[in-house]
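In what follows, every chain begins at residue 1, and chains take the letters A, B, ... in the order their sequences are listed.
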Amino acid sequence: MAERPMFDDEYLPDWLVAGGITCAGHGAGRSDVPELPPWERPQPKTGVSLPDFAPPPEDAPPPWVSGVEAPELPPFEAPAEAVPPIFQALPPDSEAESIVLDDLILPWEAEAPAAEGAPLDDPFSDLDWMRETPAAAPPSPDQPATPRFQTSWLSEAILPEAMQGGSESSAPPTFQTSWLSEAMLPEAMQGGSETPASPTFQTSWLSEATPSAPQSDESLTDLFATSSETASEPSAAASDDWLRDFGAASDFDFPATDPDLTAASSPTQIKPPSFDWQSEGAAASEVAADSADWLRDFSVGDELEELEGSETTVAPDWLEASGVTAERAVEAAEPQLDWLTESAPAESPAFDQGVEELPDWLAESAPLVESTPAQAADDLPDWLQADESPAEAATEAEDIPDWLRTGYLEARPEPTAAPPEPEPQAEADLPDWMREFAPEPKSSGGLMGSGDDLAWLDQIDFEKPVAPQVADIPKPSRGAPRRPEPEFGLDDPVLDAVLAQTSDLELSEPSLPSIDLDEEFDFETLPELPDAPAASEPPVPVRMPAAPVPPSKATGEAVVVAGDLPEWVAEMRPDSKPTLRIGDQEITLEERPLSALPEPILALRERLKQLPEPPAAPESPDSPLSGIAEVLQPPAFEAVPSPLTPSGALATAAQLAGVQTLRKIVAAQEEILKRRESLEIGAPAHLKPRARLKFDRLLLIVFLIAAVVLPFFTDLANLVPPPRFAALDSASQTRFTAINRAVSDIPRGASALVAFEYTPNAAAEMDDLARALLRDLIRREVKPILISTNPAASLHAYNLLYRLSRDSAEMATLGRNTPLAPRRDYIVLGYLPGGVSGVRALANALYDDSFQQQVIFGNDLEGASSGITPDQLRILRAQPIFLLAQSQEDVQTWVEQYRPPPNAPPDSRLRMVIATAAAATATAQTYAAAEPERIIGTLSGLRDALLYREVRAQYPSAEAQRKAEQHWQSVGFAAFAATLAILIGAALSMIQYLAQRRRSQ
Amino acid sequence: MTPETLEQVGVIAGAVLTLAIFSYALGDNFLYRLAIHIFIGAAAGFVLLATLESVLIPWLSATVLITPFELPRLVIGLLPFLFGLLLVYKGTARLSRLGDFGVMIVLGVGTALALLGAVNGTLLPLIGDAARAFRPENALNGLIGLIGTLSVLVFFTYVGLRRLSGEVTQFLPVRFVGLIGQGFIAITLGATYGLLILSALTVLSGVLSDRLFILIGR
C-alpha cells in the first residue's frame, strides 16, 4: 500500500477520469500527455445550443468590436493529438464540427482581437485582455430577447434529457450556468425551463453574473420567494451570527414573521460561512424531501418545486441581499469565489454522479460558482473593487475563480475599446489571505493560480478533457482571429455521442451512503477505489478547507479569515520535495525518479540494501554533524602501525641537548607569561603593581646632578683644569692651526656652507661649537649658508642665529651694532630632503646643474628667495664646508657623499671641517686621518669649542670665559662622578655575582 | 607682547619642559609623557610646514609653475609626485605592487649612492690610511691597528668544523685571534660608550647652566 503512489491516475476510476478529475502532481507528472500552453489545452467546457439560438450574423460584428480589427494572421492549427478521439473521427470541415460547442467562444467574440504582445508562455495572457475590458460585456441589455447560453465546462454535454427538453421551449430562455450547470439540475428545475413564462434563470450559484433581461429579477424573485416562505426552521437570530461573519448581515433582513426559525437549523455541515445563507434552503429541504442533499442545503430544489406552484412574487430580504435581486448578491457571492478555488476539485465527482446523488461535500462547493450581478459591484470589498473595471461586466471576470476562468473567460467577448490600465493598487489591496490565493502569472501552476498556495489543487487535473475540445482556438498572443462560431443545434450527432457516454455514469441515489464530513480525508484510500463506479461503495469524503472570508465592506468588521491549508493537505502536497532539516535550516532536495539514476548507482543501491545494518553508534555531541538526521556515519578506522615507519626518531646527543635547551627556554617563557598574566589580569586595576621607585637609580641621578651643578657654585669641584691651546700636543695644535687657516682663507664677503646636522637634544654640547664657528665666519664678514637634511636641525639653526643676533654681548664681540638679519648676514636654507641623495644632489648642484641649484639654493627656510647667485655658488666650491654633526652616521654621510661629481674638473675638491659631538669624535678623526687632503680638521665637543674660542679670541669678557670654564668643570666633574658610579656599580655587580656563584657551589 | 617677553616665556617653558623630561628619572609619569607628546607634536607640525614651504612649493615653482612653460621641467616636476603616488599604493593589498615600483626607485637610488659613497669615502680611504700607518715614527700604532683590524676580522669568522657529536668547533688559532679581536671590540665599544656619556653629561651641564640657572637667577 505504501509503495503505491498516492496520486496516480491509474488508480482513479474511469468515471472520475471521465468527469475530469485526475491526480495532478505525481500523477500528472507521469502522464504521457504533453504539457500544453493554455490556449492549446483542450477546452473543458462544452456547450449546447438551443434551437432558438440565433447568433449574430458574421457580417455584422457587434458594436464593441467594430472599432477593432483583428490582425490578419493565419488561423491557428491545433495539434491533432489535442483533439479527443471522438472528435478526431469527424471531418474538420464537416458541419458536425460546429456542433462541438465552444461555449467559451461566443459568436460575438469570433472576431475579437486577441491580446497583442502577450507572451506565449504566459498562461494568463489570455486572461489579461478579459480583465482589462470593462466594457466588453455582451450587449445583453440591448438584446434582451436574444437567447444566450453561457455554459461552463461541464454544461450541456451531460445535460439530462429533461433539461435538454427544456431547451425546446418556445420562449428563448437565458441560461447562464456555471460549472455545475444544468447537468445537476433536478427535474423540477429542468422543468422550469419549460415554463411558458420562460423565466430567465439566474441561479446565482449555478450561473455566471451576466446582465440579463429586466424580467430576470422578477422571475428570480418568484423563484426564491417560495422557498423562503417554506422555510420554517432556521431562525433569523441564529442566522444573524453567521451572516454577520459573512459580512452582509446588515443587509439581510429576515422577516419577523418566521417564528419557527431556530438555531438548530443553522448549518452544521462543514461549509464556508458565506454559504450559510443557504441554510434557509437546507431547512426547506425538509419540505422538499425528494430533493438532493446538496440541493437541500441550498434550498434550490425546494425553491424550484415551489416555483411551479407558487405565485409568490415577494422575495424575502435575505434573498434580496444574497444577490437574487442582483443588487447585493456580490456581497454574498464575492467572498465565496476565493475559497471556491479550494473546493473546486469537488465538482467533477458531482458531475459524474448526477444531480440527485451529489454528495454533501460537493453541495458545499456547488454554490460557490454562484454568479453575482455586476451592478452590485459597489458593495464589493476593496480588494475586489480594485480590480473592478468601470463597466459592470468586468466584474464577472473578477468574480470567477481562477480555475473557472480557464473556460469562462474564453467565452467572454473581446474588448471593443482600448483596455484601461489595470489599477496597480489591486494587488496591494488584496488581503493577506487573498494574496496567497492570487494567481501569479509566472507560476508553474498554470491557470490554477499560484502553485504554492493552491498546490493541493494541482492534484486534480481540471484541464484534462472530458468533453470534445476545440482545436481552432488561436493563441491570444498571436492575435489570430477566431473563426466565426457556426450555428449548431441540439440534434447534432456529436452532442448525442457525448451524452451517450455520460449517461452511463449516473448513479442511483441509494448507492450513496451517508458521509461523515468530519472524517479526515485519507488519500491512502484513493488508489483502492474501484475502476468503475460501484453503487455500494461510498465515495471518498473530502473535507474541504475552511474558506477564508474577506473583510466585509458593509459591516466594516474584520471577518474571520481562515488560515493556511490544513496540515494534512500541506503534507501531502504532491509538489513537496524532501527536506533536510539541519537545526533551523531547511534544505529542499530535488527528488528524482529512481529510474533516472545511472546504473552504477542503482547497483550500489542494491548492494547497500543487502548489507546488514550496523548497530547504531552513539552520536558524539561534539561531532560537526551532530543533530543532523540521516547522516552517513563514517566507518571506524583503526590505526595500524606500519612496518615501514621507524619506531623512533633518530637524533644525536647534541640535537637532544638542543631540544632540551629549547624546552627549557619555552618553559621559562611560559612561566614568565603566566606570572605576568596573574599579576596584570588577576589583580584589580587599583591593586596592579605600579612603577616602583628604584632607589639605586634615584641615588645615581641625585649624585650626577650634584656633580654637574656643584662646579657652578664652588671651585672645590674643579678637578679637571680647563683646556688650553698651549697645553696641547703638536698634532692637536696642527689640527687647530689648519682649521684657523681655512677660516681665515675665506675671502670677506664670500659665503660658506654650514651643514647643520644636529637637533635640539644635542644643542647643549654642539651649540658652543656652532657659535664658535659662526662667530668666526660672521666676524670675517663671511655669509654662512646653513643647510640641513633634518628639518628640526634647520629650525634649530634658525633659532641659534636669531639668539646670537639678539645677544648684545655677542654683537659687541662681533663688532656689530645692529642685529644680524636673515638673507643679508646669514641664510638658513630649506630642509634638504633625501638624506644621502640630498647630500649628493647638493654636491652636484655646486657644479653644473642650474636646475638643482635653483631647487636647493633658491629658497630659505621661510620660503623666501635666498638671493644666492651662481657666482656665490662658484665661490662655495672653493670654500670648505663646516659640518656640525651629532652622530657618526651624519659624519659618514657627509664625508662619503659630499664629493665632486664625476663630471667635475679634475682638481675639484670639496673640503670640509668636521665639528662633532663627543660621541662622533672617533669616526670624525678616522675620516680626517684617512683623507687629510679633503678634511681640514675636526672639532669635538665642548673641549675643542673652548680651545677654538681661545684660539680665535672669541670671549667677549672674562665672565664669559669663566662661565665657559665652569661648564667645562661641570662636565668634567660629572664625568668623574659617572665614572665613579660606573666603577662602583661594576664592583657591586661583581661582588653579587661572586656571592651567587658561591651560593650555587 | 614684545619679542623679549616671548623669549622669556620660551625660556621658562623650555625649563619646565626640561624638568618634565628629567622627571622620567623617577619613573614613567604624566609630566614626562606630556612633554614628550608636546615635543613630538611640535616637531611633526614644524616638519610639515618646513616641507611645504621649503621643499614642495619651491619645487613646484621651479618646475610645474614656472613661467614660461617648459615641458621638460614639467615632466621632471611631476616625477616625484608620481613616485610619491606609487608609494601610497603600498597601503593597499591589491595595488601594493605599484607601490613596489616607487620603493624600488627610492631604495635603488639610495642604496646605489650609499654603496658608492661607502666604497669611495670609507673603505678606500681607511685601507689607504691603514697602509700608511706602518711608518717608523708610529710603528707601534700601526702594529696595534693592524693587529686590531685582523683580529676583529677573524672574530667575525663563522667557519668551523662540525664534530661527530654535532658540536661545531673552530680551530684554536682562529679562536685565539678572535678572542683578541673581541677585546678590541670591547675597548672600542667602551670608548664609544664613554663618549656618549660625556656627550650626555655635556648636554646635562649645558641645560642646567642655560635653563635652570635662569630660573634661579644666576
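Of the atoms belonging to B:S165, it is backbone heavy atoms, and not side-chain ones, that fall under 4.5 Å from chain A. For A:L698, the part lying near chain B is the side chain, with the backbone staying farther off; criterion is any non-hydrogen pair under 4.5 Å. Of the two parts of A:D767, neither the backbone nor the side chain holds a non-hydrogen atom closer than 4.5 Å to a non-hydrogen atom of chain B. With a threshold of 4.5 angstrom between heavy atoms, A:Y831 approaches chain B through its backbone and through its side chain. Neither the backbone nor the side chain of B:R163 comes within contact range of chain A; no heavy atoms are under 4.5 Å apart. Contacts between B:L116 and chain A at a heavy-atom distance below 4.5 Å involve the side chain alone, from C-beta outward. Contacts of B:A43 with chain A are absent, with no heavy-atom separation under 4.5 Å from either backbone or side chain. In this structure, chain B has heavy atoms under 4.5 Å from both the backbone and the side chain of A:A974. Looking at A:Q655, there are no atoms closer than 4.5 Å to chain B (heavy atoms on both sides), in backbone or side chain. Heavy-atom distances place the backbone of A:D860, and not its side chain, under 4.5 Å from chain B. The parts of B:V47 that come within reach of chain A are both its backbone and its side chain, each placing non-hydrogen atoms under 4.5 angstrom from that chain. Residue A:Y802 touches chain B through its side chain alone, counting heavy-atom pairs closer than 4.5 Å. With a 4.5 angstrom heavy-atom cutoff, A:I701 touches chain B only via side-chain atoms.
Counting heavy-atom pairs closer than 4.5 Å to chain B, the top-ranked of the candidates A:A653, A:A975, A:A929 is A:A929. Comparing B:G110, B:A112, B:A62, B:G128 by how many heavy-atom pairs each has under 4.5 Å with chain A, the most go to B:A62. With respect to chain B, the highest number of heavy-atom pairs below 4.5 Å among A:P711, A:A930, A:S837 belongs to A:A930. Note on A:R697, A:M766, A:E862, A:R899: by heavy-atom pairs under 4.5 Å with chain B, the leading option is A:R899. With chain B as partner, the option from A:T893, A:L829, A:N859, A:I982 having the largest number of non-hydrogen pairs under 4.5 angstrom is A:N859. Counting heavy-atom pairs closer than 4.5 Å to chain B, the top-ranked of the candidates A:V855, A:T652, A:L704, A:N790 is A:V855. Contacts with chain A were tallied for B:D129, B:I197, B:L198; B:D129 has the most, counting heavy-atom pairs under 4.5 Å. Highest contact tally toward chain B, considering only A:Q886, A:R806, A:E896, is held by A:E896 [criterion: heavy-atom pairs under 4.5 Å].
With A:Q897 contributing its side chain and B:L113 its backbone, the two residues share a donor-acceptor pair below 3.5 Å.
Across B:V55 and A:P833, no two heavy atoms sit closer than the pair CG1-CG, 4.0 Å.
Here the CZ atom belonging to A:R943 is positioned 12.5 Å from the OG1 atom belonging to B:T202, to the nearest 0.5 angstrom.
Side-chain contact check for B:I76 versus A:F851: some heavy-atom pair is nearer than 4.5 Å. Residues B:S205 and A:W968 form no side-chain contact, since every pair of their non-hydrogen atoms from C-beta on lies 4.5 Å or further apart.
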